[in-house]
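Only one structure is covered here, and it is reproduced in the block below.
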Amino acid sequence: MEKRTLYKEGTYKKGNLHTHTTWSDGVHTPQETAEQYRSKGYDFLALTDHWVYGIHPELNRDDFLVFPGTELDIELPGRKDHHLVGFGLPETNRIPEHYTFEEERRNGVLTTAERIIEYFGQRGNVTLYGHPYWSKIDSTDIKYLQGMIGMEIYNHGSEFFGNNGNFETYFDHFLFVRNKIFCFATDDAHNIGEHDLGGFIMVKTKEFTHRGILEAIKDGSFYASSGPLLHDFYVEDGVAHVTCEPCQHIYFQTPHRGDCLFSDDGDCLTEGSFALNGDEEYVRVTIKNSRGQKAWTQPIWLWLF
């Protein structure tokens, strides 16, 4: 049977697609923010300040790339909010540098999540849904939204400082209704400190360019993490396989059944497998280390094959 995998040939690149230059201790320059990430081993970044579109071509380096982006938010009844992050390619994005969306706000153009998703798409950007639990959103409010590239499964800022940044259940609700999106981890940092950077994605691509990274993301050739690293995930001959750095738990998850591998001796597991029944619509994997940090694969959609 053909091996089914999401991962392209190439190497993994570490990135964060949701962070800010307006920090809780003041405003840092885009240069300072980018250097903070670069010094911590990140390969790419999107600066997504609220209602200000940033492109920042001067920050690109041979070993570090900055994606154009912004974050738009909508207040809803019941103290709920939609927060949607848009990012794109420098060569195809059609939103100007430092654009503040004043005309759209004045004319009520961006008043629903659907309108924001459409707006981003028409201007060469993709949409990432941000921190639904922090925003007090119900999964029924968003699980049928179409046109997004994905949602945050983990937001480090929300989780570390507020215990409300894990969105695994929300992600499953998208998958349960066959809404084929990907999961992202971000840090959504609003400060520069020891505990502010912690959510990231690892994108496997053989082309370290904006286009190469975004095309790999669109293909699902990446995983989300709050710390541990994955090496490979695939399905072959009716069995799902994963390899990873040493961890304590490996969870195989499908819509209706799953399996857990567990080590009583701490972080000792580096691989696992799970025999499928053949009627699963998808399978995905979560690993967890002894510190409680997790990494999440994208789902392999078995019903598409």
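The CZ atom of R257 sits 4.0 Å away from the CG atom of N277 when rounded to the nearest 0.5 Å. Annotation: the span from E281 atom CD to L302 atom CG amounts to 9.0 Å, rounded to 0.5 Å. Taking CZ from R115 and CG from L84, the interatomic distance works out to 14.0 Å, rounded to the nearest 0.5 Å. For the atom pair CZ of F200 and CZ of F184, the computed distance is 14.5 Å after rounding to the nearest 0.5 Å. Rounded to the nearest 0.5 Å, atoms OH (Y7) and CG (D219) are 12.5 Å apart. Rounding to the nearest 0.5 angstrom, the gap separating the CG atom in L72 from the CZ atom in R105 is 8.5 Å.
Here the side chain of T297 pairs a donor or acceptor atom with the backbone of V285 at under 3.5 angstrom. Side-chain N or O atoms of T21 include none that pairs as donor or acceptor with a backbone N or O of P30 at under 3.5 Å. Looking at N107, its side chain does come within 3.5 Å of a backbone N or O of E103 through a donor-acceptor pair. A donor-acceptor pair is defined here as one N or O able to donate and one able to accept, closer than 3.5 Å; such a pair exists between the side chain of S226 and the backbone of K294. With T92 contributing its side chain and G88 its backbone, the two residues share no donor-acceptor pair below 3.5 Å. Between the side chain of R79 and the backbone N or O of S135 there is no donor-acceptor pair closer than 3.5 Å. A donor-acceptor contact shorter than 3.5 Å links the side chain of E32 to the backbone of T29. Side chain of N155 to backbone of S158: a donor-acceptor contact under 3.5 angstrom is found. Within the 3.5 Å criterion, the main-chain N or O of L47 finds no donor-acceptor partner in the side chain of H56.
By the ring-ring contact (aromatic ring centres under 6.0 Å, His included) test, H210 is found to be paired with F67, residues two or more places apart in sequence or in another chain being considered. Residues satisfying the side chain to side chain contact (heavy atoms under 4.5 Å, CB included) criterion with E91, sequence neighbours excluded, are L89, R211. By the salt bridge (Lys or Arg N to Asp or Glu O under 4.0 Å) test, K14 pairs with no residue at all, sequence neighbours left out. Under the side chain to side chain contact (heavy atoms under 4.5 Å, CB included) criterion, P246 pairs with D267, T270, not counting sequence neighbours. With sequence neighbours excluded, the residues that form a side chain to side chain contact (heavy atoms under 4.5 Å, CB included) with E104 are Y99, F101, V109, L110, Y119. Not counting sequence neighbours, the partners of Y12 by the ring-ring contact (aromatic ring centres under 6.0 Å, His included) test are Y223. Legend: residues meeting salt bridge (Lys or Arg N to Asp or Glu O under 4.0 Å) with D279, ordered by chain and number and at least two apart, are absent. By the salt bridge (Lys or Arg N to Asp or Glu O under 4.0 Å) test, E97 is found to be paired with no residue, residues two or more places apart in sequence or in another chain being considered. For Y53, the ring-ring contact (aromatic ring centres under 6.0 Å, His included) test picks out no residue, with sequence neighbours left out. Scanning for ring-ring contact (aromatic ring centres under 6.0 Å, His included) contacts around Y133 gives an empty result, with sequence neighbours left out.
Residues D81 and K136 are not paired through a salt bridge, judged by the lack of any N-O separation under 4.0 Å between the basic side chain and the carboxylate. In this structure, D237 does not pair ionically with K3, as no charged nitrogen and carboxylate oxygen lie closer than 4.0 Å. Salt bridge status for K204 with E9: absent, with no side-chain N to carboxylate O gap under 4.0 Å. Residues R38 and D63 are paired through a salt bridge, judged by an N-O separation under 4.0 Å between the basic side chain and the carboxylate.
E207 and T209 form a side-chain donor-acceptor contact under 3.5 Å, judged by distance and modelled atom types alone. A donor-acceptor pair shorter than 3.5 Å cannot be found between the side chains of E245 and H231. At a cut-off of 3.5 Å, with distance as the only test, a side-chain donor of N125 or N93 sits close to an acceptor on the other residue. Counted by atom type alone, H173 and S139 present one or more donor-acceptor pairs between their side chains at under 3.5 Å. Of the N and O atoms on the side chains of T286 and Q253, at least one donor lies less than 3.5 Å from an acceptor on the other residue. For W296 and E168, the side-chain atoms include at least one donor-acceptor pair closer than 3.5 Å. Using modelled atom types and a 3.5 Å distance limit, the side chains of H241 and D232 yield no donor-acceptor pair. Judged purely by distance below 3.5 Å, without hydrogens or angles, the side chains of D73 and W51 pair a donor atom with an acceptor atom. No side-chain donor from either of N16 and T186 sits under 3.5 Å from a side-chain acceptor of the other. If you check the side chains of T243 and E271, you find no donor sitting under 3.5 Å from an acceptor. In this model, no donor atom of one side chain and acceptor atom of the other lie less than 3.5 Å apart for Y144 and N179.
When every heavy atom of T254 is checked against every heavy atom of Y282, the shortest pair comes out as CB-O, 3.4 Å. Minimum interatomic distance between Q146 and I117 (heavy atoms only, all atoms of both residues): O-CG2, 3.6 Å. Across all their heavy atoms, D265 and C268 have their closest contact at O-SG, 3.4 Å.
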Might you work through the side-chain hydrogen bond (donor to acceptor under 3.5 Å, both in side chains) test for Y37 and D187, ending with a clear yes or no?
CA-CA 11 Å; Y37 281 91; D187 58 57; 2.8 Å; yes
Steps toward side-chain hydrogen bond (donor to acceptor under 3.5 Å, both in side chains) verdict (E152, H18)
CA-CA 10 Å; E152 289 180 347; H18 182 188; 2.6 Å; yes
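With H131 as the partner, the ring pair (Phe, Tyr, Trp, His ring centres under 6.0 Å) test is satisfied by one option alone out of H82, H156, H83: H83.
In this pair, F160 and H195 present their aromatic rings parallel. The plane angle is below 30°, not in the 30 to 60° band.
Applying the 4.5 Å side-chain rule to ILVMFWY residues, one finds that Y234 remains a lone member of its cluster. Other members of the cluster containing V52 do not exist, because no ILVMFWY side chain is joined to it at under 4.5 Å.
Taking the centre and axis of the six-membered ring of F44, the NZ or CZ atom of K13 falls outside the cone set by 45° and 6.0 Å.
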